[in-house]
**Student:** 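Let me give you the structure first, and then I'll get to my questions.
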There are 2 protein chains.
Amino acid sequence: MENMNIKKLAKELNLSVSTVSKALHDSYEIKAETKEKVLALAKQLNYQPNPFASSLRRNSSKTIAVVIPEIAHNFFSLVINGIESIAEELKYHVLIYITHEIPEKEEQVIRHLLNGRVDGILISSSGTSNNNAHYHELVQKGIPFVFFDRANFDVDAPRVTTDDYQAGFQATEHLIKSQCKHFAFLSLSNQMSAINHRKDGFLAALKQYQIEPSHVHIIEAGTDETLSFQIIRDFLQPLPVSLGIFSSVEKLAIQTYHICKEINIKIPKQLKIISFSNLPTAALLNPALSTLTQPAFSIGKEAALLLFQSIKNKGKIQPITTLPNVVLKSTIFIRESTKM
Amino acid sequence: MENMNIKKLAKELNLSVSTVSKALHDSYEIKAETKEKVLALAKQLNYQPNPFASSLRRNSSKTIAVVIPEIAHNFFSLVINGIESIAEELKYHVLIYITHEIPEKEEQVIRHLLNGRVDGILISSSGTSNNNAHYHELVQKGIPFVFFDRANFDVDAPRVTTDDYQAGFQATEHLIKSQCKHFAFLSLSNQMSAINHRKDGFLAALKQYQIEPSHVHIIEAGTDETLSFQIIRDFLQPLPVSLGIFSSVEKLAIQTYHICKEINIKIPKQLKIISFSNLPTAALLNPALSTLTQPAFSIGKEAALLLFQSIKNKGKIQPITTLPNVVLKSTIFIRESTKM
DNA sequence: GAAGAGTACGAAAACGATTTCGTAATTAAA
DNA sequence: TTTAATTACGAAATCGTTTTCGTACTCTTC
């Protein structure tokens with residue numbers, strides 16, 4: 001009596017396997033009385049259908065994958081929370097894959113998922129813009145997927161992003177109005193959509209306020225921790241006068257704080273900084289960090305909702321409609337780190 | 001030609017399905033030449049075995065589950081990173097389930113996983129000590145699982161924890177030597193193993209230094225955010241003189257910081273605080289937070305290693321040995337928040 | 001040159017569900 | 001009363017693998 005299965009259950013009930021299966025799925029073919037008996041014994045014997053047999057036959061896994069660059073990051077953890085809240089409700093399972101910002105790793109994961117292990121995928125891209133073959137293979141295979149935050153705009157897939165351009169513009173305008181004279185944009189790489197939109201907003205604001213181009217600095221710090229520390233440190237020595245930093249990601253802002261502490265640069269006196277961030281401690285930092293905060297939980301929720309929608313519509317003829325493209329608003333929090 | 005499968009592959013090769021399967025698994029029964037042909041065509045046609053058919057037949061899923069109370073938490077994200085590093089290496093997949101600190105939710109997840117969806121489970125318990133029936137069902141079903149951080153000590157399963165008692169003792173001793181007169185322990189609940197061990201260390205230190213019992217406060221703040229804010233706020237008004245707080249989890253320390261800011265309590269002058277925490281910004285807070293930091297990544301790694309070991313040994317006769325019980329050391333960082 | 005061992009493959013069962021199809025028995029319609 | 005429809009179930013195919021077993025064929029060995 002190791003494991004319960006539908007065959008033993010049927011035997012116990014003196015019914016055929018097919019009848020039991022139909023009863024468990026509440027089929028109209030089975031009369032109420034029989035259904036009750038089946039349900040009762042199934043519960044009593046603690047019967048749970050084998051998920052693999054079921055997936056094999058039905059060709060659906062009740063599982064989605066989340067592919068993210070990293071997880072030890074407030075933004076992504078919050079997004080996962082949002083995703084999970086929806087998946088849990090729909091009784092879907094959530095597989096996590098971490099690419100560590102390595103495009104090849106992402107390709108490998110995506111290619112693996114072509115085997116049908118999941119019904120859909122949520123992706124925050126680590127890919128470079130010149131490589132999207134793996135996304136197209138997903139399209140070809142008909143596996144639904146949705147981009148969130150970092151999208152690939154050359155691929156026809158739903159997207160959930162934030163108003164990165166506007167937020168970038170707003171943050172930069174704030175720095176300008178705080179009397180900064182030099183402006184730096186801290187970036188991970190120039191291959192990530194969200195970050196590039198932030199940069200575009202940054203540059204647009206500087207242009208509008210006619211900031212001299214020689215006062216504008218784009219720092220690509222990269223994803224390697226040690227290296228990015230060095231790059232930022234080098235940039236800050238010697239320190240440009242009245243420097244205003246707009247950090248496109250939380251991690252680089254934190255590094256900047258560490259460096260300022262180390263080489264004794266006073267924030268906000270000598271250097272002002274504002275950053276995209278979901279840090280719950282932003283207001284408690286020394287000094288409190290001005291942030292642009294994305295609605296991370298909602299991003300996860302919206303992306304999951306879009307994904308489940310396209311899973312449900314799979315195979316059906318789609319009305320020719322524009323691709324879902326949800327854009328959520330970030331919130332700006334002005335704190336001490338950009339005080340005049 | 002929708003989907004490639006082994007049958008089509010076999011037909012294409014003029015071989016039987018079984019031969020192809022054996023060739024793909026590098027069986028000794030198949031000669032090298034045939035293997036090469038098979039491998040070549042499989043690669044060319046981009047054949048990937050259906051994971052469900054495979055799991056069904058082999059009765060193994062190449063998947064593990066991670067069951068955690070919450071994810072938007074530095075500690076747990078880092079643990080997941082550690083787990084993933086091992087799983088990825090062994091080509092296992094990782095399912096995430098979040099219980100939101102609700103014991104019933106945990107039971108439900110665990111009971112679901114009895115259906116064989118995963119080969120093993122890593123658990124940081126949200127359960128109360130008086131309810132461990134679901135763990136015993138796992139044992140009965142023979143599904144390997146490992147506890148990390150928060151274990152249930154009434155259940156025979158491997159554990160990976162930290163030296164909570166010692167760390168608690170050490171932290172408290174530090175508060176005592178920093179001239180605190182009143183002492184408070186911030187706890188989520190009295191049902192969580194790790195937290196209770198920390199409390200035991202706390203109490204032991206106070207006893208050893210003969211602190212008057214009336215100067216000792218145990219604050220059970222609970223897991224509800226709004227409620228715990230209120231409980232801590234109430235405790236701090238009026239403020240006990242020379243209060244030293246030992247927070248068993250990061251979240252409560254952050255809340256304490258927020259409250260102190262709000263009602264204008266000066267840290268460390270009026271109140272000293274040390275907390276278990278994996279905050280990357282601990283040193284940047286105002287004031288910098290003294291912490292006990294757990295090796296979260298290693299905890300994840302070790303737990304995963306233990307799990308894969310017991311998955312591998314499953315079914316084999318075990319030598320009668322003591323249960324694996326890895327205890328890792330936390331590191332104490334003394335910073336401004338406990339300065340004299 | 002007969003027996004035994006080894007090599008290389010194929011047929012078919014098995015994993016545990018779901019689903020299609022067929023069919024007795026009952027009920028309703030003509 | 002005959003025919004048609006409905007109800008309630010069962011047999012068997014199916015999903016795509018893996019694995020057991022059987023068997024030709026070649027190669028040794030005495």
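Proteins come first, then strands; the chains are lettered A, B, ... in the order of their sequence lines, and each starts at number 1.
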**Student:** Less than 3.5 Å between a donor and an acceptor, one on the side chain of A:Lys8 and one on the base of C:dG16, is that the case here?
**Tutor:** no
**Student:** For the pair made of CZ in B:Arg58 and C1' in C:dG16, what is the distance, rounded to whole Å?
**Tutor:** 18 Å
**Student:** Would you name the heavy atoms of B:Leu113 and B:Ile143 that are closest together and state the gap between them?
**Tutor:** O-CD1, 3.5 Å
**Student:** Please determine whether a side-chain nitrogen or oxygen atom of A:Thr19 lies at a distance below 4.0 Å from atom OP1 or OP2 of D:dG10.
**Tutor:** yes
**Student:** Distance criterion of 3.5 Å, no angle test: do you see the side chain of A:Arg57 paired donor-to-acceptor with the base of D:dT14?
**Tutor:** yes
**Student:** Which residue, A:Lys22 or A:Ala53, contacts DNA chain C at a nucleotide closer to its 5' end, judged by nearest heavy atom?
**Tutor:** A:Ala53
**Student:** Check the distance between C:dT18's P and B:Leu56's CG and give it to me in whole angstrom.
**Tutor:** 12 Å
**Student:** B:Ile30 or A:His25: which one's nearest nucleotide on DNA chain C is closer to the 5' end?
**Tutor:** B:Ile30
**Student:** Could you measure the distance from the CD atom of B:Glu84 to the CD1 atom of A:Ile98? Nearest 0.5 Å is fine.
**Tutor:** 4.0 Å
**Student:** Between A:Tyr28 and D:dC9, is there a side-chain N or O to OP1/OP2 distance below 4.0 Å?
**Tutor:** no
**Student:** Between D:dC9, D:dG16, D:dT17, which one does the side chain of A:Leu15 approach most closely?
**Tutor:** D:dC9
**Student:** If you assign B:Glu29 and B:Gln48 each to the DNA chain D nucleotide with the nearest heavy atom, which residue ends up on the more 5' nucleotide?
**Tutor:** B:Gln48
**Student:** Could you tell me whether the side chain of B:Lys11 reaches within less than 4.5 Å of the side chain of B:Lys7, counting heavy atoms only?
**Tutor:** no
**Student:** Tell me: CZ of B:Arg117 to P of C:dC15, nearest whole Å?
**Tutor:** 21 Å
**Student:** Round to the nearest Å and state the distance from A:Lys35 atom NZ to D:dT7 atom P.
**Tutor:** 12 Å
**Student:** Report the distance from atom CG of A:Leu24 to atom P of C:dG16, rounded to the nearest whole Å.
**Tutor:** 16 Å
**Student:** Mark yes or no for a side-chain to base donor-acceptor pair under 3.5 Å between B:Ser18 and C:dA11, with no hydrogen or angle criteria applied.
**Tutor:** yes
**Student:** A:Ile6 CD1 to C:dT19 C1': how many Å, rounded?
**Tutor:** 12 Å
**Student:** Please state whether the rings of B:Phe76 and B:Phe148 are parallel, tilted or perpendicular, taking 30° and 60° as the class boundaries.
**Tutor:** perpendicular
**Student:** Would you call A:Glu101 and A:Arg150 a salt bridge, taking side-chain N to carboxylate O under 4.0 Å as the test?
**Tutor:** yes
**Student:** Any side-chain N or O of B:Ser21 less than 4.0 Å from the OP1 or OP2 oxygen of D:dT18?
**Tutor:** yes
**Student:** Respond yes when some side-chain nitrogen or oxygen of B:Ser54 is under 4.0 Å from OP1 or OP2 of D:dT17, and no when none is.
**Tutor:** no
**Student:** Rounded to the Å, how far apart are A:Asn50 CG and D:dC15 C1'?
**Tutor:** 13 Å
**Student:** Could you state the atom-to-atom distance from CE of B:Met4 to P of D:dC15 in whole Å?
**Tutor:** 15 Å
**Student:** Using a cut-off of less than 4.0 Å, is there contact between a side-chain N or O of B:Thr34 and OP1 or OP2 of C:dC9?
**Tutor:** yes
